[in-house]
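Residue numbers count from 1 along this sequence.
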Amino acid sequence: MSVLYDAVRQVAAERGDRVAVRAADGREISYAELIRLVDRLTHGLLTVGVAPGDMVATRLTNSPGYVGLILALARSGAVHVPISVSAGPDSVDWSVGRSTPRLLVAEPGHVPPTRRVETVVLDDLLAGGAAPGATSVPSGRAGLFRLLETTGSTGFPKLVGWRQDDLLADRTAWLSYLGITADDVFLTMHPLDVAHGADVHLFPALLAGARLVLSDPEAPPHHLLDDLDRSGATVFSALPRHYELLAGHGPRDLSRLRLPLCGGAYLSPEVVTRARGSLGIRIRRIYGSTEFGIVLGNLDDVPQEDRGMRPLPGVVVTLEPLVAGVPEVGEILARSPHTSTGYHGDAAATAHAFQDGWYRTGDVAERTPSGEFRVLGRAADALAADGGGLRFAPQVEAALQACGPVGEAAVLPPLPGSEPFVVVTGVSGVDAAAVRSAAEGVLGEQGLAMPVRVVERIPHTPVGKLDKPLIRRRLG
C-alpha cells in the first residue's frame with residue numbers, strides 16, 4: 001500500500017476539477033489530471049524496470065511533471081533520492097555513490113556527466129508510460145520513501161531517510177496545526193528537492209486539496225512579489241533572508257497572505273518589523289529540521305519581534321544546558337512518534353543525533369519566562385565574547401547587516417585548526433575600506449575581534465541559507 005499516493009488520490013476523487021498545481025509559466029493541472037500524470041509516470045517507471053525498494057535519483061527543476069514523479073515513486077514503492085540541479089559534479093557523484101540508485105531521472109540541460117547510473121529524461125519516461133490500468137502496478141509500501149541530503153547537526157553531508165507512513169502522519173498533523181483548508185493557496189519559491197519545498201508546501205497542499213503554486217527559485221525578489229500577489233497565495237514559507245529581500249523591494253500589500261511562515265535558526269526582530277511595514281504581513285515563526293520535521297511554531301496573529309515558539313502538538317522539547325547552573329539556555333532536544341529513520345548508511349551519525357528517543361538538533365535556544373523557546377543559533381556558532389558570555393553567529397550577522405555600510409554578512413566561527421573570520425558585502429556606493437571599518441566597529445560593540453573580509457557576493461545553498469562550508473573552502 002502506498003499511503004501517500006492513496007491519500008492524494010482520495011483527495012482527487014473528491015476535487016478532481018480543482019486546480020492542483022500551477023507552474024511558474026502559468027500552466028495548470030487539475031487533481032484529476034495530476035492522478036492521470038502519476039499513473040503514466042508509474043507505468044513509465046515499471047517499463048524501465050523500477051521495482052519496490054529501488055533507489056531512484058532525480059535532477060529536476062520545479063514542474064507539474066516533477067510533482068507527478070514524486071507521487072509516482074511513492075505509488076511504486078521506490079525510494080526518492082533528489083539531487084539539486086545546482087549540485088556540481090562532485091556532489092552528484094557523492095549522492096550517487098552514497099545511495100547507489102537504480103535509475104536517475106533528469107531533464108534536458110541537467111543530465112549529469114556520470115556513467116555510474118542509468119539515466120532517463122522525464123519526458124521519455126512519460127512517453128513510455130502505458131495508459132492507466134493497462135498493466136498491473138506492484139503494491140507500493142509504507143516503508144522507506146525518500147533520502148534527502150542535509151548537513152544536519154554534524155556539519156557534513158548525509159542522506160536522511162523518511163518512511164511514507166511517518167511522513168504522512170507528520171504532514172497530516174502539520175495541516176491540522178495550520179488549520180489548512182481546500183481554499184488555501186500554497187506558493188513555494190523553494191526547489192522540491194528540499195524539505196522546505198516538499199514538506200512545508202507540496203505535501204500539505206495536495207493532502208488538503210489546496211492549490212500548489214510553483215514560483216521560479218531563481219527569480220528576482222520583485223518577480224516573487226508579483227507571484228505572491230497574482231496567485232492569491234495564503235500560505236508561504238521562507239527564510240529570514242528572503243523576507244528581508246522582499247521587504248527591500250516593497251512596499252507591497254500582501255495582507256491576503258494569512259500564514260507568512262518563517263523558518264531558519266534565527267529570525268531577527270528587525271526583519272519582522274520590516275516585513276510588517278513594507279509588506280503588510282505578520283510573520284509567523286516556525287523551526288524544524290530535515291531530520292525531524294517541524295519542532296516549534298508560533299501562529300499567533302500578533303507582532304512577533306520579541307516572541308518565541310512552543311512545541312507542536314505531539315512534539316516534546318527539552319533543553320540540555322550549555323553551562324551548568326543556567327538551565328534556561330541549552331541545546332534543543334526533541335522527540336516525536338513520527339520522524340525520520342536517521343542517516344542512510346551511517347549508523348554512527350544516527351546514533352549521535354538520535355539518543356534514547358531524543359533528536360539532538362545542534363541548535364541552541366533560551367526558554368523565556370512565558371515558557372516559549374527563542375532559538376539563538378547553532379551550538380557550533382557560539383562565540384566567546386570579551387568579558388565572558390556567548391554570542392551566536394546569526395545574532396552577530398543581524399547586527400552587522402543593521403549597520404548602514406554592510407549589505408550581507410556571514411560569521412564563520414572557529415574550527416579545529418582555523419580561526420574565526422567574518423565575510424561581508426557592502427551596499428552600493430560604499431568603498432571596501434568603509435565597509436570593513438563599519439563591520440569592525442559592530443564586532444567591537446559585540447565584544448568580538450576577528451578578521452573581516454569584504455567580498456562582492458556571499459554564496460548560498462539552494463534553499464537560501466548561507467553556504468558556510470563553501471565560504472570556508474574559498475576564503476578560510
> Roughly how far apart are L333 CG and T318 OG1, rounded to 0.5 Å?
Replying inline: 6.0 Å
> Is the backbone N or O of L207 less than 3.5 Å from a side-chain atom of R171, with the two atoms forming a donor-acceptor pair by type?
Replying inline: no
> What are the two closest heavy atoms between Q446 and A399, and how far apart are they?
Replying inline: NE2-CB, 3.7 Å
>> I'd like to know if the side chain of T58 and the backbone of V105 have a donor-acceptor N/O pair within less than 3.5 Å.
In response: no
> Just wondering, do P101 and V56 contact through their side chains at under 4.5 Å, heavy atoms?
Replying inline: no
>> I want to check something: taking the side chain as every heavy atom from C-beta on, are V326 and P321 in contact at a cut-off of under 4.5 Å?
In response: no
>> So which atom in P64 and which in L214 form the shortest heavy-atom distance, rounded to 0.1 Å?
In response: N-CD1, 4.1 Å
> So do the side chains of F373 and V317 get within less than 4.5 Å of each other, counting heavy atoms only?
Replying inline: yes
>> In this structure, is the centre-to-centre distance between the rings of H196 and H242 below 6.0 Å?
In response: no
>> What verdict does the side-chain contact (heavy atoms from CB on, under 4.5 Å) test give for V329 and L390, after you've listed the backbone C-alpha separation in whole Å, the side-chain angles of each residue and the deciding distance to 0.1 Å?
In response: CA-CA 11 Å; V329 177; L390 293 176; over 6 Å; no
>> Applying side-chain contact (heavy atoms from CB on, under 4.5 Å) to W358 and V316, what does each step give before you reach the verdict?
In response: CA-CA 9 Å; W358 292 95; V316 180; 3.7 Å; yes
>> I'd like to check L159 versus S99 (side-chain heavy atoms, cut-off strictly below 4.5 Å). Are they in contact?
In response: yes
>> Any donor-acceptor pair under 3.5 Å linking the side-chain atoms of T61 with those of H110?
In response: no
> So does E328 have more than 12 non-hydrogen atoms from other groups sitting under 6.0 Å from CD?
Replying inline: yes
> Is the backbone of L261 close enough, under 3.5 Å, to the side chain of Y243 for a donor and an acceptor to pair up by distance?
Replying inline: yes
> Got a second to check how far H201's NE2 is from T188's OG1, nearest 0.5 Å?
Replying inline: 4.5 Å
> Under the 3.5 angstrom rule, does the side chain of K468 hit a backbone N or O of V411 as a donor-acceptor pair?
Replying inline: yes
> What is the minimum heavy-atom distance between T290 and W162, and which atoms define it?
Replying inline: O-NE1, 2.9 Å
> Do the rings of F292 and Y359 sit parallel, tilted or perpendicular, given the 30° and 60° boundaries?
Replying inline: parallel
> Is there a side-chain contact (heavy atoms from CB on, under 4.5 Å) between V48 and V50 once you walk through the steps?
Replying inline: CA-CA 6 Å; V48 295; V50 173; 4.1 Å; yes
> Ion pair present between R75 and D6, side-chain N to carboxylate O less than 4.0 angstrom?
Replying inline: no
> Between L224 and F236, is a side-chain contact (heavy atoms from CB on, under 4.5 Å) present by the stated rule, with each step listed?
Replying inline: CA-CA 11 Å; L224 179 57; F236 171 72; 4.1 Å; yes
> Roughly how far apart are H80 NE2 and L71 CG, rounded to 0.5 Å?
Replying inline: 11.0 Å
>> Check R98 with E149, please: is the shortest side-chain N to carboxylate O separation under 4.0 Å?
In response: no
> Sub-3.5 Å donor-acceptor pair from the side chain of N298 to the main-chain atoms of G308, do we have one?
Replying inline: yes
>> Please check: side-chain N/O of R284 versus main-chain N/O of R258, any donor-acceptor pairing under 3.5 Å?
In response: yes
>> Would you say that Y66 contacts I70 through its side chain, given a criterion of any heavy-atom pair below 4.5 Å between the two side chains?
In response: yes
>> So for atom CD, which belongs to E419, do other residues, nucleotides or ligands contribute more than 12 heavy atoms lying within a distance under 6.0 Å?
In response: no
> Do the non-hydrogen side-chain atoms of L192 and P82 ever get within less than 4.5 Å of each other?
Replying inline: no
> Rounded to the nearest 0.5 Å, how far does CD of Q401 lie from OG1 of T425?
Replying inline: 7.5 Å
> Below 4.5 Å, heavy atoms only, C-beta onward: do L46 and S76 meet side chain to side chain?
Replying inline: no
> Partners of P220 by side-chain contact (heavy atoms from CB on, under 4.5 Å), sequence neighbours excluded?
Replying inline: H222, H223
> At their closest point, which heavy atom of F354 faces which heavy atom of G342, and how far apart are they?
Replying inline: CE1-CA, 3.9 Å
>> Quick check on side chain to side chain contact (heavy atoms under 4.5 Å, CB included): which of L400, V424, L466 does E408 satisfy it with?
In response: L466
> What is the distance from atom CZ of R391 to atom CG of L383, rounded to the nearest 0.5 Å?
Replying inline: 9.5 Å
> If we ignore angles and hydrogens, is there a donor and acceptor under 3.5 Å between the side chains of Y287 and D363?
Replying inline: yes
>> Between T100 (side chain only) and G97 (backbone N and O only), is there a donor and an acceptor less than 3.5 Å apart?
In response: no
> Which heavy atom of S336 sits nearest a heavy atom of T339, and at what distance?
Replying inline: O-CG2, 4.2 Å
>> To the nearest 0.5 Å, what is the distance between CD1 on I294 and CD1 on I286?
In response: 4.5 Å
>> Run the side-chain contact (heavy atoms from CB on, under 4.5 Å) test against R276 and tell me which residues pass, sequence neighbours left out.
In response: V272, T273, R282, P303, E305
> Are P311 and L296 close enough that some pair of their side-chain heavy atoms sits under 4.5 Å apart?
Replying inline: yes
> Counting only N and O atoms by type, is there a donor-acceptor contact under 3.5 Å from the side chain of R102 to the main-chain atoms of G53?
Replying inline: no
>> So which atom in K158 and which in A349 form the shortest heavy-atom distance, rounded to 0.1 Å?
In response: CD-CB, 4.0 Å
>> If the test is side chain to side chain contact (heavy atoms under 4.5 Å, CB included), which one of V406, V452, V455 qualifies with V435?
In response: V406
> Partners of P459 by side-chain contact (heavy atoms from CB on, under 4.5 Å), sequence neighbours excluded?
Replying inline: R457, D467, L470, I471, R474
> Can you tell me if E331 uses its side chain to pair, donor with acceptor, with the backbone of G362 under 3.5 Å?
Replying inline: yes
> When you measure from the side chain of S215 to the backbone N and O of M189, does any donor-acceptor pair fall under 3.5 Å?
Replying inline: no
